[in-house]
Structure formats: C-alpha cells, structure tokens
Novice: 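If you scroll down you'll find the structure; I have some questions about it.
Here the structure is a predicted model, which is why all the values come from computation and not from measurement.
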Amino acid sequence: SSKQVAVYSDTQVQCYDVSSNLKYAKEFVGAIQSVRCGDTYLAVHVKESSGLYRLVVLDAAGNDHNISLEGKYVVDYGYYQGDNLYLHTLDGLSVTPSAMIETMDGSLNSTGKISIQGQLLQNIVFFPDHLYAVGTNHLYDIGYVGDQRDSKLIYGWNYFGYVQPKNGEPMFAFVPGGAFSGSENITTVRLCSLSGSDVYIQMKANTQFVFMGNDKLFTIAESVLTSYDLTGKETGSYQLPFAPQKIHSVGSGSHIG
C-alpha cells in the first residue's frame with residue numbers, strides 16, 4: 001500500500017514501512033496463500049495442514065486477529081480506503097451461486113454484508129458510500145448496507161475495466177464473453193454507465209488488448225495504439241516500436257508499461 005510493504009514466504013510475513021524499516025516478522029503454521037496491505041493492517045490468507053483456510057489480520061504491532069471463514073470460500077479480499085477491509089466469498093453450502101461482499105472498518109467491525117444471488121461476480125469497484133458489483137448477469141450499484149440503487153443487464157459480456165470521469169458517473173468497459181471469450185482477437189467493446197445509453201465500438205482488425213485510463217478507451221492492434229473518447233469517437237493513433245505481449249496500467253491509470 002502507500003504506507004507499508006509486505007514480503008512473505010510460505011510460512012513467514014515480514015512487514016516494512018516505505019523507508020524499508022522492518023516493523024515486525026510473523027511466523028505462521030500452514031502455507032501462506034496471499035497477503036494484502038492496508039495503511040496499518042495486513043490481511044493474510046493461510047491454508048492449514050488440515051486443508052482448512054483462515055484469514056488473519058495483523059495490526060500495527062503484528063498481533064493477529066482471526067476472521068471466521070466457516071462455510072465460505074474466499075474468492076478475493078483486500079483493503080480499500082485505508083484500513084477498510086473487504087471479503088468476496090462464495091457460500092460453500094448453497095446449491096446455486098451465492099456471492100457475498102462483506103466490508104469491515106479498521107477495527108474489524110462489520111460495515112456491510114451484501115449478498116448477490118444466482119450469479120458470480122467478475123469484479124467489485126469501491127467508492128466512499130457505495131460500490132459497483134460486476135456480476136455475470138448484471139452490473140449493480142449498491143450501498144454498503146445492501147440497498148440496490150440501480151442495475152443493468154450485462155449477460156454475455158466480460159468486464160475489462162472502468163474510468164471515473166471528473167464530471168460524471170463511472171463508465172465501464174466490456175468485451176464479448178460466452179462463446180467468444182476464448183477468441184484470439186477482440187471484435188467489439190461495449191462502454192456503459194448505469195444511467196446512460198451504451199456505446200458499442202467496433203474494433204480494428206487484430207485487436208488483442210483494450211484498457212481504460214485518463215477518461216479514454218485504449219486499444220492495441222498488433223503494434224498500433226488507438227484511443228477513443230467515452231462517446232466512441234477515435235481521438236488518436238500511435239505506432240509502437242513493437243507488438244506488445246502484455247500491458248500493465250501504472251500511475252493510477254495515467255501511464256502504461
């Protein structure tokens with residue numbers, strides 16, 4: 001995070017501040033699966049020798065606090081807005097897909113439990129007083145107490161990113177899913193907000209990468225980078241010195257590697 005760094009092996013986590021000073025080291029019994037950093041807390045996902053999983057939160061001094069995962073499978077977890085923790089879990093006892101988004105403050109007090117029934121989640125986007133849950137069927141705008149504010153059908157489309165314009169609501173990007181999800185090239189991009197009309201942009205031949213940043217959609221076809229505004233209008237085209245193999249967004253979406 002912006003305040004600390006975690007380095008871990010299968011059995012030990014070391015926590016450093018951003019000046020490389022060691023704050024503490026913590027040994028675990030079992031195999032560490034992953035670690036997430038907040039401003040002052042760490043969350044550690046551990047698989048015990050029995051095969052069960054547990055989530056441990058370490059405070060600023062390295063003291064541990066366990067979070068119960070009984071009957072749940074952890075899909076994702078992490079920190080948003082400082083030390084606010086979220087858990088994205090699946091109900092291990094449900095017959096149909098049942099996703100749960102749980103949020104907690106820095107003291108691990110529950111601040112919200114949001115159930116998404118009958119579908120899986122592709123992504124979760126957090127804002128100060130609400131979140132967007134990107135499901136396999138619908139895009140939801142939901143308050144942290146579980147109140148659904150709006151939704152849009154996105155069945156058959158795979159989430160690819162979003163931007164937050166300064167004067168507007170978030171705009172989400174989707175590419176064809178389902179039978180087309182394994183296609184080598186991307187043929188269409190769908191840009192949508194919950195209140196506005198959707199924008200469908202036909203991609204150039206051999207488009208293999210799309211990403212959002214700086215209030216624009218960017219695409220790469222072979223070695224040509226093309227930008228579009230959020231209305232679908234092409235705004236620029238740039239010849240790259242090579243055909244990229246992988247793309248990383250850096251600098252809060254203002255640059256790419």
Novice: Output the rest of the hydrophobic cluster of Met100: all Ile, Leu, Val, Met, Phe, Trp and Tyr residues reachable through side-chain heavy-atom contacts under 4.5 Å, sorted by chain and number.
Specialist: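 Members besides Met100: none; it forms no cluster.
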Novice: State, with a plain yes or no, whether a side-chain heavy atom of Pro170 is found less than 4.5 Å away from one of Val125.
Specialist: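 No, every pair of side-chain atoms sits at 4.5 Å or beyond.
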Novice: Apply side chain to side chain donor-acceptor pair (under 3.5 Å) to the pair Gln12 and Lys26, showing each step before the final yes or no.
Specialist: CA-CA 6 Å; Gln12 187 187 80; Lys26 188 79 174 181; over 6 Å; no
Novice: Is it true that, when you exclude Glu27 itself, more than 12 heavy atoms of the residues, nucleotides or ligands shown sit nearer than 6.0 Å to its CD?
Specialist: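 Atom CD in Glu27 is crowded, with more than 12 foreign heavy atoms closer than 6.0 Å.
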Novice: If you apply the rule side-chain contact (heavy atoms from CB on, under 4.5 Å), what do you find for Leu131 with Ile101, and how did you get there?
Specialist: CA-CA 10 Å; Leu131 60 82; Ile101 306 169; 4.2 Å; yes
Novice: About how many Å separate CG of Leu139 and OG of Ser193, when rounded to the nearest 0.5 Å?
Specialist: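 So the OG of Ser193 and the CG of Leu139 are separated by 9.5 Å.
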Novice: Applying a strict under-4.5 Å side-chain criterion to I, L, V, M, F, W and Y, I'd like to know whether Phe218 and Ile247 cluster together.
Specialist: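 Same hydrophobic cluster.
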Novice: What pairs meet the salt bridge (charged side-chain N to carboxylate O under 4.0 Å, His left out) rule with one or both residues in residues 118-135, with sequence neighbours excluded?
Specialist: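 Matches after skipping sequence neighbours: none remain.
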Novice: By side chain to side chain contact (heavy atoms under 4.5 Å, CB included), which residues pair with Asp147, not counting sequence neighbours?
Specialist: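 Result, side chain to side chain contact (heavy atoms under 4.5 Å, CB included) vs Asp147: Val145, Arg149.
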Novice: Nearest 0.5 Å, what's the SG-CG distance between Cys15 and Leu22?
Specialist: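 Answer for the SG-CG pair, Cys15 versus Leu22, is 8.0 Å.
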Novice: So Val44 and Phe28, do their side chains get closer than 4.5 Å, heavy atoms only?
Specialist: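 Sidechains of Val44 and Phe28: in contact.
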Novice: Testing the basics here: between Gln119 and His138, what is the closest heavy-atom pair and its distance to 0.1 Å?
Specialist: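 It is OE1-N, 3.2 Å.
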Novice: Please check: side-chain N/O of Gln122 versus main-chain N/O of Trp157, any donor-acceptor pairing under 3.5 Å?
Specialist: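 Side chain of Gln122 to backbone of Trp157: a pair is present.
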Novice: Treating Ile, Leu, Val, Met, Phe, Trp and Tyr as nodes and any side-chain heavy-atom pair under 4.5 angstrom as an edge, say whether Ile124 and Val134 lie in one connected cluster.
Specialist: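 Looking at the clustering, Val134 is in a separate group from Ile124.
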Novice: Verify the distance criterion only: is there a donor paired with an acceptor across the side chains of Thr219 and Thr207 at less than 3.5 Å?
Specialist: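 On atom types as modelled, these side chains do not qualify, holding no pair under 3.5 Å.
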Novice: Can you name the nearest heavy-atom pair linking Cys37 to Leu42, along with the distance?
Specialist: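 Reported closest heavy-atom pair: SG-CD2, 3.4 Å.
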Novice: Does Ser1 reach the main-chain N or O of Lys3 with its side chain, forming a donor-acceptor pair under 3.5 Å?
Specialist: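 Judged by distance alone, yes, a pair lies under 3.5 Å.
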Novice: Search all heavy atoms of Pro244 against all heavy atoms of Phe209 and return the closest pair with its distance.
Specialist: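 Residues Pro244 and Phe209, closest heavy atoms: O-CE1, 3.4 Å.
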Novice: How far does CD1 of Ile201 sit from NZ of Lys233, to the nearest 0.5 angstrom?
Specialist: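 Answer rounded to 0.5 Å: 13.0 Å.
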Novice: Before giving the answer on side-chain contact (heavy atoms from CB on, under 4.5 Å), spell out for Ile142 and Tyr132 the whole-Å C-alpha distance, their side-chain angles and the decisive distance to 0.1 Å.
Specialist: CA-CA 6 Å; Ile142 306 175; Tyr132 288 87; over 6 Å; no
Novice: Count the heavy atoms belonging to other residues, nucleotides or ligands that lie under 6.0 Å from OH of Tyr73, then report whether that count exceeds 12.
Specialist: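 At most 12 heavy atoms, drawn from other residues, nucleotides or ligands, come within 6.0 Å of this atom.
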Novice: Go through it in stages, so that I can follow the logic: the residues are Thr40 and Asp83, the test is side chain to side chain donor-acceptor pair (under 3.5 Å), and I'd like the CA-CA distance, side-chain angles, deciding distance and then a yes or no.
Specialist: CA-CA 7 Å; Thr40 56; Asp83 282 318; 2.4 Å; yes
Novice: Please determine whether a side-chain nitrogen of the Lys or Arg among Arg36 and Asp76 lies less than 4.0 Å from a carboxylate oxygen of the Asp or Glu.
Specialist: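 Salt bridge between Arg36 and Asp76, a charged N being under 4.0 Å from a carboxylate O: yes.
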Novice: So, do Asp105 and Asn84 sit near enough that their side-chain heavy atoms are less than 4.5 Å apart?
Specialist: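 Side-chain contact under 4.5 Å: yes.
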Novice: Can you pull the salt bridge (charged side-chain N to carboxylate O under 4.0 Å, His left out) pairs that have at least one residue in residues 198-225, sequence neighbours excluded?
Specialist: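 Matches after skipping sequence neighbours: Lys152-Asp198, Arg190-Asp198, Lys204-Glu234.
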Novice: In the single-linkage hydrophobic clustering (I, L, V, M, F, W, Y; side-chain heavy atoms under 4.5 Å), do Val210 and Val163 co-cluster?
Specialist: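 They do share one cluster, since a chain of ILVMFWY contacts under 4.5 Å joins Val210 to Val163.
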Novice: Does any non-hydrogen side-chain atom of Leu90 lie less than 4.5 Å from one of Lys72?
Specialist: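 No, their side chains stay 4.5 Å or more apart.
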Novice: Check which hydrophobic residues are tied to Leu52 through side-chain heavy-atom contacts below 4.5 Å, counting indirect links as well, and list them.
Specialist: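 Its cluster mates, by chain and number: none.
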Novice: Is there a chain of hydrophobic side chains (I, L, V, M, F, W, Y, each step under 4.5 Å between heavy atoms) that links Phe127 to Leu194?
Specialist: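 The answer is yes; both residues are in one hydrophobic cluster.
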Novice: According to ring-ring contact (aromatic ring centres under 6.0 Å, His included), does anything in residues 82-113 pair up with another residue at least two apart or in another chain? List the pairs.
Specialist: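 Found Tyr86-Phe126.
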Novice: Indicate yes or no: at least one non-hydrogen side-chain atom of Thr111 is less than 4.5 angstrom from one of Tyr144.
Specialist: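 Counting from C-beta outward, Thr111 and Tyr144 never come under 4.5 Å.
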Novice: Given the rule in the side-chain contact (heavy atoms from CB on, under 4.5 Å) test, do Arg54 and Val46 qualify, once you have shown the distances and angles that lead to the verdict?
Specialist: CA-CA 5 Å; Arg54 62 191 177 108; Val46 181; 4.1 Å; yes
Novice: Would Asn21 and Ser19 satisfy side chain to side chain donor-acceptor pair (under 3.5 Å), going step by step from the backbone distance to the final call?
Specialist: CA-CA 6 Å; Asn21 299 307; Ser19 298; 4.6 Å; no
Novice: State, to 0.1 Å, how close Thr231 and Val199 come at their nearest heavy-atom pair, and which atoms those are.
Specialist: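 The answer is O-CG1, 3.5 Å.
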Novice: Output side-chain donor-acceptor pairs under 3.5 Å for residues 235-242, partner residues at least two apart or in another chain, one line each.
Specialist:
from	atom 1	to	atom 2	distance (Å)
Thr235	OG1	Ser227	O	3.3
Thr235	OG1	Ser227	OG	2.7
Gln239	NE2	Ser223	O	3.4
Gln239	NE2	Ser223	OG	2.7

Novice: OG/Ser9 to CD1/Ile32 distance, rounded to the nearest 0.5 angstrom?
Specialist: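 One finds 5.5 Å between OG of Ser9 and CD1 of Ile32.
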Novice: Under the salt bridge (charged side-chain N to carboxylate O under 4.0 Å, His left out) test, which residues partner Asp150, sequence neighbours left out?
Specialist: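 Asp150: no salt bridge (charged side-chain N to carboxylate O under 4.0 Å, His left out) contacts found.
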Novice: Which residues end up grouped with Tyr41 if you chain together Ile, Leu, Val, Met, Phe, Trp and Tyr wherever their side-chain heavy atoms are less than 4.5 Å apart?
Specialist: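 Tyr41 clusters with Tyr53, Leu55, Val57, Ile67, Leu69, Val74, Tyr77, Tyr79, Leu85, Leu87, Met104, Leu108.
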Novice: Identify the two heavy atoms, one from Ile114 and one from Gly146, that lie closest to each other, and give their separation to 0.1 Å.
Specialist: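 The pair with the smallest heavy-atom distance is CG1-CA, 4.0 Å.
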Novice: Show your working on side-chain contact (heavy atoms from CB on, under 4.5 Å) between Leu121 and Tyr159 and close with a plain yes or no.
Specialist: CA-CA 10 Å; Leu121 293 181; Tyr159 170 80; over 6 Å; no
Novice: Could you list the cluster mates of Tyr155? Members are the ILVMFWY residues connected by side-chain heavy atoms closer than 4.5 Å, either directly or through other members.
Specialist: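 Members alongside Tyr155: Leu153.
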Novice: According to the ring-ring contact (aromatic ring centres under 6.0 Å, His included) rule, which pairs have a member within residues 5-26, sequence neighbours left out?
Specialist: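 Passing the test, one end in residues 5-26: no pairs.
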Novice: Keeping Gln164 on the side-chain end and Met171 on the backbone end, is there a donor-acceptor pair under 3.5 Å?
Specialist: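 No, Gln164 side chain to Met171 backbone: no donor-acceptor pair under 3.5 Å.
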Novice: Got Phe174 and Val189 here, is their nearest side-chain heavy-atom distance under 4.5 Å?
Specialist: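 Answer no - side chains too far apart.
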Novice: Report the residues that fulfil side chain to side chain contact (heavy atoms under 4.5 Å, CB included) with Gln245, sequence neighbours left out, ordered by chain and then residue number.
Specialist: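 Gln245 satisfies side chain to side chain contact (heavy atoms under 4.5 Å, CB included) with no other residue.
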Novice: So, do His130 and Asp141 sit near enough that their side-chain heavy atoms are less than 4.5 Å apart?
Specialist: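 Yes, their side chains come closer than 4.5 Å.
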Novice: Please give me the minimum heavy-atom distance between Met212 and Leu217, naming the atom from each residue.
Specialist: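 Smallest interatomic distance, heavy atoms only, reads SD-CD1, 3.7 Å.
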Novice: When you group the ILVMFWY residues by side-chain heavy-atom contacts below 4.5 Å and let the links chain together, are Val75 and Leu120 in the same group?
Specialist: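 Yes, Leu120 connects to Val75 through the hydrophobic network.
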Novice: Going by heavy atoms in the side chains, are Gln208 and Asn185 under 4.5 Å from each other?
Specialist: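 Gln208 reaches Asn185 side chain to side chain.
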Novice: How many angstroms lie between CG in Leu230 and SG in Cys192, if you round to the nearest 0.5 Å?
Specialist: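 These two atoms lie 11.5 Å from each other.
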Novice: Nearest 0.5 Å, what's the NE2-OG distance between His45 and Ser34?
Specialist: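 Result: 6.5 Å between the selected atoms.
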